[in-house]
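One structure below.
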Amino acid sequence: MNHLDRMTDSTGLIQHAIYSVPRRESGYTTDDNARALRLAVRLWECDPTERMLGRVICYLSFLENARHPVKGFHNFMSFQRSWIDAGGCGDCQGQAALALAEVVGSRLPEGIRLVARELLENSSAAMKNLRSLRAQAYLIQAWAILHRANVSGVERVEMIAKSAADRLADVYHRSQGPDWYWFESTMTYANAVLPHALFDASECWPNED
């Protein structure tokens, strides 16, 4: 946690470091702050201290500031606190949704959960149009968190996640070959999230292929 705190300022988590020293020139990204938010939420659940709550609020506040009116969330912010992208990439949207679901499904104070829920619901239109396989996998995982926590009133998120699960299964079947059991023609990055999402999907919709 010492290094995480060293990399975090009042804006959020700085993107890169030189060894253990924050590289301020690298600025901030939404996907990194989303990952930090997930970590802080899980640690708060284990040890609900004020210091950990402060970390949760810092990273959630970054996501709140990253809102894009059409494209879900921005991703890249300069150290001068200016957004330098037109709209975040697909993976950024998925990571944001996953972190927000983690907050909504937690035992955090109600006000914090309501902010996360509002952000998740307001970004659902952008989530519906994501084409990145990994982004869709993150959406499935996000719904699985809400499903396990018995969160009600988020049917739109479930619909988007179900569509993503159908696409992921379809892509797997179309890419599969005699000696090739995978979702794409090559192994690239963040590979584990794809089968992980289908394990989550089979839990949420046990009667589906």
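- Closest heavy-atom contact between A149 and G105: CB-O, 3.5 Å.
- Looking only at side-chain heavy atoms (C-beta outward), E50 and L53 come within less than 4.5 Å of each other.
- Taking OG of S124 as the reference point, atom CE of M159 lies at 8.0 Å (rounded to 0.5 Å).
- Side chain of S78 to backbone of S82: a donor-acceptor contact under 3.5 angstrom is found.
- Cation-pi check for R134 over F183 is not met; the charged atom does not lie both under 6.0 angstrom from the ring centroid and within 45 degrees of its normal.
- Here the side chains of R55 and T8 are not in contact, with every heavy-atom distance at 4.5 Å or above.
- Distance check: E64 CD to I57 CD1 gives 13.0 Å after rounding to the nearest 0.5 Å.
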### Pair L60-L119, side-chain contact (heavy atoms from CB on, under 4.5 Å): steps then yes or no
CA-CA 10 Å; L60 179 59; L119 288 172; 4.2 Å; yes
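- Defined by atom type and a distance below 3.5 Å, a donor-acceptor pair is missing between the side-chain atoms of D200 and H147.
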### Message
What verdict does the side-chain contact (heavy atoms from CB on, under 4.5 Å) test give for V103 and V115, after you've listed the backbone C-alpha separation in whole Å, the side-chain angles of each residue and the deciding distance to 0.1 Å?
### Response
CA-CA 9 Å; V103 176; V115 169; over 6 Å; no
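- One hydrophobic cluster, built from ILVMFWY side chains closer than 4.5 Å, cannot hold both F79 and F76; they sit in different ones.
- The backbone N or O of R131 sits less than 3.5 Å from a side-chain atom of R167, completing a donor-acceptor pair.
- Cluster annotation: Y181 is connected to L194 through the hydrophobic network of ILVMFWY side chains, with a link wherever side-chain heavy atoms come within less than 4.5 Å.
- A distance of 12.5 Å separates CD in E158 from CD1 in I140, rounded to the nearest 0.5 Å.
- Of the charged side-chain nitrogens involved, none lies within less than 4.0 Å of a carboxylate oxygen, so that R156 and E121 do not count as a salt-bridged pair.
- Taking all atoms of both residues into account, the shortest heavy-atom contact from A169 to L198 is N-CD2, 4.4 Å.
- The shortest side-chain heavy-atom distance between L133 and V193 does not fall under the 4.5 Å cut-off.
- A distance of 9.5 Å separates CG in L139 from CD in Q93, rounded to the nearest 0.5 Å.
- A distance of 7.0 Å separates SG of C58 from CG of N33, quoted to the nearest 0.5 Å.
- Remark: the backbone N or O of P22 is not paired with any side-chain donor or acceptor of R6 at under 3.5 angstrom.
- Under the 4.0 Å criterion applied to side-chain N and carboxylate O atoms, K71 and D85 are not assigned as salt-bridge partners.
- Side-chain atoms of D91 and D31, non-hydrogen and from C-beta on, never get closer than 4.5 Å to each other.
- Taking the side chain as every heavy atom from C-beta outward, I18 and E25 never approach each other to under 4.5 Å.
- A chain of hydrophobic side-chain contacts below 4.5 Å, direct or via other Ile, Leu, Val, Met, Phe, Trp or Tyr residues, connects I14 to L4.
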### Task
Please report the C-alpha distance between F73 and H68 in whole Å, then the side-chain angles of each, then the deciding distance to 0.1 Å, and finally whether the side-chain contact (heavy atoms from CB on, under 4.5 Å) criterion is met.
CA-CA 5 Å; F73 296 91; H68 188 286; 5.7 Å; no
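- Between R113 and E102 no salt bridge is recorded (no basic side-chain N to carboxylate O distance below 4.0 Å).
- Cluster membership check: I145 does not share its hydrophobic cluster with L63, using side-chain heavy-atom separations under 4.5 Å among Ile, Leu, Val, Met, Phe, Trp and Tyr.
- In terms of heavy atoms, S123 sits closest to G72 at CB-CA, 4.3 Å.
- Using a 3.5 Å distance cut-off with no hydrogens or angles, the side chains of R81 and T11 do pair a donor with an acceptor.
- Taken to the nearest 0.5 Å, the NE2 atom of H3 stands 5.0 Å off from the CE atom of M7.
- In this structure, D209 places its CG atom where only 12 or fewer heavy-atom neighbours from other residues, nucleotides or ligands lie under 6.0 Å away.
- Between P195 and W182 there is a side-chain heavy-atom pair separated by less than 4.5 Å.
- Inspection of the Q95 and Y138 side chains reveals an N or O donor paired with an N or O acceptor under 3.5 Å.
- Residues A144 and C204 share a closest heavy-atom pair of CA-SG, 3.7 Å.
- D32 and Y59 share no side-chain donor-acceptor pair at under 3.5 Å.
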### Task
Determine, step by step, whether H74 and N65 satisfy the side chain to side chain donor-acceptor pair (under 3.5 Å) criterion, reporting the C-alpha distance in whole Å, the side-chain angles of both residues, the deciding distance to 0.1 Å, and the verdict.
CA-CA 9 Å; H74 287 283; N65 184 242; over 6 Å; no
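- Nearest approach of V41 to S106, heavy atoms of both residues: CG1-CB, 3.9 Å.
- Here the side chains of W143 and W205 are in contact, with some heavy-atom distance below 4.5 Å.
- Of the possible polar contacts, none joining the S163 side chain to the I160 backbone as a donor-acceptor pair under 3.5 Å is found.
- The shortest distance between side-chain heavy atoms of L13 and F62 does not fall below 4.5 Å.
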### Message
Run R38 and L98 through side-chain contact (heavy atoms from CB on, under 4.5 Å) and show every step you take.
### Response
CA-CA 8 Å; R38 292 179 62 205; L98 183 55; 3.4 Å; yes
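- Between L130 and G94, the shortest heavy-atom contact is CD1-N, 4.4 Å.
- Taking the ring centroids of Y172 and W180, they lie at or beyond the 6.0 Å cut-off.
- Between the side chains of T29 and N75, no donor-acceptor pair is found at a separation under 3.5 Å.
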